[in-house]
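Presented below is the structure to which this report refers.
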Amino acid sequence: MMIRIEGVNKIFNEGRVQAFEALKSIDLEIAKGETIILSGVSGSGKSTLLSLIAALDKPSSGKIVVEGELISKLPDLHASAYRAKSIGFIFQHFNLLESLSVEENVIAPLINSGLDMVDIKAKAEKSMKMAAIEHKASQQVKALSGGEKQRCAIARALVHEPELIICDEPTANLDRENSLKFIEILRSLYALKKTIIVATHDPLFETLSFPVRLVHMEDGKIVSSEQ
Ligand SMILES: Nc1ncnc2c1ncn2[C@@H]1O[C@H](COP(=O)(O)OP(=O)(O)O)[C@@H](O)[C@H]1O
Ligand SMILES: [Mg+2]
């Protein structure tokens, strides 16, 4: 089992009048190579759950184990090392450095990796190919279209070859054509046996051409999980 989430609760502002229970008794197991589509209306707790799996935040109670490691208890330094090694993030906002080229953005996560530049460039090229953006490698990000920016962000998220790919509303800023291209890239990641979690309320994800598990959230709870 790649990810085991057991009895996880998340309360924001715990102990205060504004206390808010964003996640309630979450149990979920995700196998290696599985694709999870996490659906639910805005405010149902999707991003909160992703942030706990990525060790960006900690549950109020319960535990999260990823590849045998208890990540719900990781000290901050170990949490950032875990993210740098194991996780590729793809967000609605691309968080790219606009004045740098596509390639410069893609290699950024590897600059302090200890790899030499030849290896870094080879990894960047592979990743840009995967994300169908290698033809724009030397172009400044600010001159890209929205869809191209998203593909640059994908290349950057994949450059360290993470086992777990976490996407939060990845198509929210894309038109239909670019959303379909994004889904094609996901399918190739699925074929590489990556574990993928996509939080989305985009109906395009309801009918995919590869097997996924639909996990639906309402009001901080998982209300259904089906293949
Ligand atoms: N840092 C925070 N402090 C207080 N409440 C928060 C915080 N982060 C999220 N929430 C609340 O938790 C609920 C779930 O948010 P979120 O996980 O972002 O939902 P989703 O991604 O499904 O839209 C929302 O009501 C949100 O306002
Ligand atoms: Mg969200």
Side-chain angles (χ1 to χ4, degrees), residues 30 34-51 53-54 56 83 87-109 124-217:
I30 303 173
E34 211 177 0
T35 298
I36 302 286
I37 305 298
L38 195 59
S39 63
V41 298
S42 178
S44 56
K46 305 181 298 295
S47 296
T48 303
L49 183 57
L50 295 184
S51 72
I53 295 171
L56 287 165
R83 283 193 297 276
I87 300 188
F89 279 105
I90 298 167
F91 298 103
Q92 167 179 356
H93 302 290
F94 314 129
N95 304 324
L96 298 165
L97 298 165
E98 295 270 328
S99 61
L100 298 186
S101 73
V102 169
E103 185 183 34
E104 286 164 338
N105 270 275
V106 173
I107 67 176
E125 195 182 327
K126 185 173 167 198
S127 191
M128 286 188 291
K129 279 211 174 102
M130 182 98 226
I133 195 68
E134 80 281 13
H135 59 297
K136 299 276 179 183
S138 56
Q139 186 157 323
Q140 265 194 328
V141 164
K142 64 173 134 211
L144 299 178
S145 72
E148 289 165 347
K149 283 184 185 177
Q150 176 65 299
R151 291 199 287 283
C152 179
I154 295 169
R156 186 186 51 181
L158 301 179
V159 75
H160 58 299
E161 300 179 79
E163 281 306 311
L164 176 59
I165 320 255
I166 292 180
C167 311
D168 198 357
E169 308 282 359
T171 59
N173 289 324
L174 300 183
D175 58 22
R176 185 185 160 84
E177 188 192 336
N178 279 303
S179 299
L180 291 172
K181 278 190 195 163
F182 176 82
I183 288 170
E184 273 312 296
I185 295 168
L186 270 194
R187 192 159 71 114
S188 53
L189 293 171
Y190 168 80
L192 289 173
K193 300 194 164 47
K194 300 288 186 186
T195 307
I196 304 167
I197 310 175
V198 186
T200 184
H201 50 257
D202 185 338
L204 276 181
F205 286 86
E206 284 163 17
T207 51
L208 296 182
S209 59
F210 58 100
V212 300
R213 179 146 56 107
L214 296 172
V215 173
H216 188 66
M217 291 187 73

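Position 1 is the first residue of the sequence, and the numbers go up from there.
- No side-chain heavy atom of Ile107 sits less than 4.5 Å from a side-chain heavy atom of Val159.
- Residue pairs satisfying the ring pair (Phe, Tyr, Trp, His ring centres under 6.0 Å) criterion with at least one member in residues 130-171, sequence neighbours excluded, are absent.
- Between Ile53 and Leu164, some side-chain heavy-atom pair lies under the 4.5 Å cut-off.
- Thr35 OG1 to Ile30 CD1: the interatomic distance, rounded to the nearest 0.5 Å, is 10.0 Å.
- The shortest non-hydrogen separation linking Ala131 to Ala155 is CB-N, 3.7 Å.
- Listed by chain and number, the residues in a side chain to side chain contact (heavy atoms under 4.5 Å, CB included) with Ala108 amount to none (sequence neighbours excluded).
- For Glu134, the side chain to side chain donor-acceptor pair (under 3.5 Å) criterion is met by no residue, not counting sequence neighbours.
- Taking the side chain to side chain donor-acceptor pair (under 3.5 Å) definition, one finds that Glu98 meets it with Lys149, sequence neighbours left out.
- For the ring-ring contact (aromatic ring centres under 6.0 Å, His included) test, residues two or more places apart in sequence or in another chain that qualify with Phe89 are Phe91.
- At least one donor-acceptor pair closer than 3.5 Å links the side chain of Lys46 to the backbone N or O of Gly40.
- Rounding to the nearest 0.5 Å places OG of Ser145 at 6.5 Å from CZ of Arg151.
- Residues in residues 161-212 take part in these ring pair (Phe, Tyr, Trp, His ring centres under 6.0 Å) pairs, two or more places apart or across chains: Tyr190-Phe210.
- Once rounded to the nearest 0.5 Å, the distance linking CZ of Arg213 with CD1 of Ile37 reads 11.5 Å.
- Looking at every heavy atom in both residues, Ser209 comes nearest to Arg187 through OG-CD, 3.1 Å.
- At least one donor-acceptor pair under 3.5 Å links the side chain of Arg156 to the backbone N or O of Phe94.
- Minimum interatomic distance between Val106 and Cys152 (heavy atoms only, all atoms of both residues): CG2-O, 4.0 Å.
- Looking at residues two or more places apart in sequence or on another chain, you find a side chain to side chain contact (heavy atoms under 4.5 Å, CB included) between Leu204 and Arg176, Ser179, Leu180, Ile183, Asp202.
- Under the salt bridge (charged side-chain N to carboxylate O under 4.0 Å, His left out) criterion, Glu206 pairs with no residue at all, not counting sequence neighbours.
- Between Leu97 and Val141 there is no side-chain heavy-atom pair separated by less than 4.5 Å.
- Glu125 CD: 12 or fewer foreign heavy atoms inside a 6.0 Å radius.
- Judged by distance alone, with hydrogens and angles left aside, the side-chain atoms of Gln150 form a donor-acceptor pair with the main-chain N or O of Pro170 at under 3.5 Å.
- For Asp175, the side chain to side chain donor-acceptor pair (under 3.5 Å) criterion is met by Asn178, not counting sequence neighbours.
- Across Cys167 and Leu186, no two heavy atoms sit closer than the pair SG-CD2, 4.3 Å.
- Here the straight-line distance linking atom CD1 of Ile165 with atom CG of Leu158 works out to 5.0 Å at 0.5 Å rounding.
- To the nearest 0.5 Å, atom CG of residue Leu96 and atom CG of residue Asn105 are 5.0 Å apart.
- Checked against Leu50 for a side chain to side chain contact (heavy atoms under 4.5 Å, CB included), the options Val198, Ile166, Ile87, Leu56 give a single hit: Ile166.
- Taking both residues in full, the closest heavy atoms of Met217 and Ser44 are given as CE-O, 3.5 Å, listed atom of the first, atom of the second, then distance.
- Partners of Glu104 by side chain to side chain contact (heavy atoms under 4.5 Å, CB included), not counting sequence neighbours, listed by chain and number: Leu100, Ser101.
- The side chain to side chain donor-acceptor pair (under 3.5 Å) check on Asp168 picks up Ser47, with sequence neighbours excluded.
- Taking CD from Glu163 and CG from Leu192, the interatomic distance works out to 9.5 Å, rounded to the nearest 0.5 Å.
- Using a 4.0 Å cut-off between charged nitrogen and carboxylate oxygen, Lys181 and Glu184 do not count as a salt-bridge pair.
- Looking only at side-chain heavy atoms (C-beta outward), Leu144 and Gln139 come within less than 4.5 Å of each other.
- For Ser99, the side chain to side chain contact (heavy atoms under 4.5 Å, CB included) partners two or more places apart in sequence, or in a different chain, are Gln140, Lys142.
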